[in-house]
Every structure is written in C-alpha cells, then in structure tokens.
Amino acid sequence: MPAVFLVSDTHFGHAGVCRFTEADGVTKIRPWTDPNEMDEAMVKSWNETVGPKDKVYHCGDVVINRKALPTMARLNGDKVLIKGNHDIFRLHEYTKYFRDVRGYHVMNGMILSHIPVHESSLSRFGTNIHGHLHSGRVMKDGVIDPRYHCVSVEHTDFCPILFEDVLKKIKDEGGTVGFKNGNGTTEM
C-alpha cells in the first residue's frame, strides 16, 4: 500500500534560501551555499525516501522561478500541491507535475495549508500542518503551540516526512490528532 508523505518549502532553484539565517542573523538554516547543490541533494534524499506510487502533499513554495519547475518531474510520488505564497505561476504550469493543486486540504481531522491558519479557524481541527515558517514554529506564551506543526524541509531533514511520523510528533508535543467535536473531544 502506498505511503503518504508531507513536505513544504523546497524552494528548488532559489539561491536566496541558501543565505537564510536564524533570528541570530548568523546561523544558516540550510547547509548549502549553491542552489544547484541544494537541489541535487534534496532530489536524491526525496527519491531515497518516497517510492514512485507513494502520495506526497507538498504544502507550498515548490520553486522560486519557472526554470526550476521541471525538477518536480525528477521526484518520486503522486504529488498534490497546496499552493504557497511563492507558487505564483499559471495553474497549467503546475499540473504538469502535480496530480492536483489546492488552496488547503483536510486529512484525518487536520488542516494542511502553506501559511499557518488563524487560531480562530482551528476550532474543529486537531492540528494545522503547515509550512512557510522554515526553521520557525508557531509560538504561544513563549512555547511551541501544539495546535500547529511545521513540515518545512528545515524540520524534516530536507525531504518529505512520513504522515505517521508527523502524527507521532504532534502527539509527542501535546497536540491533537483528528477532528474536534462540539464537546472538545477528538474524532478520527
């Protein structure tokens, strides 16, 4: 049976992401200085992790420029794109590489998006699985907010992560898996 994977913010072909740093302004969030080297390492890791028939939900920011879009053809899996703020090209340019393109996706009582959804929109969902923050996390009162889980590649060893592993991490952080019903309990 095919496995399900999640990933976000690959930014294939993006030289600038190789210079992104943590809030300290010094610590790089990616180990590469050359985008071609980054792309090749991530393609290799992706294809060693994901099989040809596995499903991958990409939570946005696939590439920064059109010339990097063909990289998607080199990646294993049945891919669904949840558009990010940098996924700005015409729909037909993405449908060459993705089975479907969506604004968000609901799966097992969790909402997948690129940018974290506003907390007032989480009332029925256990967790918002998202990207956009790269090495950051949604914080509340100085601690990680367990209602949010980031799958940007900086959190997933620069390749897609198995859905079951994400569920385990959510539970380990005190998050909720499944829909929330009216009395605050969860349903799968």
Novice: State, to 0.1 Å, how close Y97 and K79 come at their nearest heavy-atom pair, and which atoms those are.
Specialist: O-CE, 3.4 Å
Novice: Could you measure the distance from the OH atom of Y104 to the CD1 atom of I82? Nearest 0.5 Å is fine.
Specialist: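 Between Y104 OH and I82 CD1, I get 11.0 Å after rounding to 0.5 Å.
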Novice: Does atom CZ of F158 have more than 12 heavy-atom neighbours, drawn from other residues, nucleotides or ligands, at distances under 6.0 Å?
Specialist: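 Enclosed: over 12 neighbouring heavy atoms sit under 6.0 Å from CZ of F158.
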Novice: Quick one: name the residues clustered hydrophobically with I115, using the 4.5 Å side-chain heavy-atom rule over I, L, V, M, F, W, Y, and just say none if it's on its own.
Specialist: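 ILVMFWY cluster around I115 holds nothing else.
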Novice: Search all heavy atoms of H132 against all heavy atoms of D9 and return the closest pair with its distance.
Specialist: N-OD2, 2.7 Å
Novice: Tell me whether the rings of F98 and Y94 are parallel (<30°), tilted (30 to 60°) or perpendicular (>60°).
Specialist: tilted
Novice: Could you please spell out the steps behind the salt bridge (charged side-chain N to carboxylate O under 4.0 Å, His left out) verdict for K28 and E154?
Specialist: CA-CA 11 Å; K28 288 175 43 113; E154 290 84 2; over 6 Å; no
Novice: Taking the six-membered ring for Trp, are F12 and W46 parallel (under 30°), tilted (30 to 60°) or perpendicular (over 60°)?
Specialist: tilted
Novice: Before giving the answer on side-chain contact (heavy atoms from CB on, under 4.5 Å), spell out for R137 and C150 the whole-Å C-alpha distance, their side-chain angles and the decisive distance to 0.1 Å.
Specialist: CA-CA 6 Å; R137 294 290 304 269; C150 186; 4.0 Å; yes
Novice: Between atom CZ of F179 and atom OG of S123, what is the distance when rounded to the nearest 0.5 Å?
Specialist: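 Rounded to the nearest 0.5 Å, the CZ-OG separation comes to 11.5 Å.
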Novice: I would like to know whether V153 and V7 meet side-chain contact (heavy atoms from CB on, under 4.5 Å); could you show each step before the answer?
Specialist: CA-CA 6 Å; V153 294; V7 70; 3.5 Å; yes
Novice: If I take atom NE2 from residue H105 and atom CG from residue L81, how far apart are they, to the nearest 0.5 angstrom?
Specialist: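 If I round to the nearest 0.5 Å, the distance is 12.5 Å.
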Novice: For a side-chain contact (heavy atoms from CB on, under 4.5 Å) check, start with the C-alpha distance between F125 and R147, then their side-chain angles and the critical distance, and finish with the verdict.
Specialist: CA-CA 9 Å; F125 302 106; R147 299 173 299 173; over 6 Å; no
Novice: How close do V117 and Y148 get, heavy atom to heavy atom, and via which atoms?
Specialist: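 In terms of heavy atoms, the two residues are closest at O-OH, 2.9 Å.
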Novice: To the nearest 0.5 Å, what is the distance between CG (D61) and NE2 (H114)?
Specialist: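 NE2 of H114 is found 3.5 Å from CG of D61.
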Novice: With a 3.5 Å cut-off and no angle check, do the side chains of N128 and S113 form a donor-acceptor pair?
Specialist: yes
Novice: To the closest 0.5 Å, what do you measure between CD (E164) and NZ (K169)?
Specialist: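 Reported value, rounded in 0.5 Å steps: 13.5 Å.
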Novice: Got a sec, which residues hit ring-ring contact (aromatic ring centres under 6.0 Å, His included) with H149, two or more places apart in sequence or on another chain?
Specialist: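 Here no residue qualifies.
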Novice: To the closest 0.5 Å, what do you measure between NE2 (H155) and CG (L133)?
Specialist: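 Atom-to-atom, H155:NE2 and L133:CG are 7.0 Å apart.
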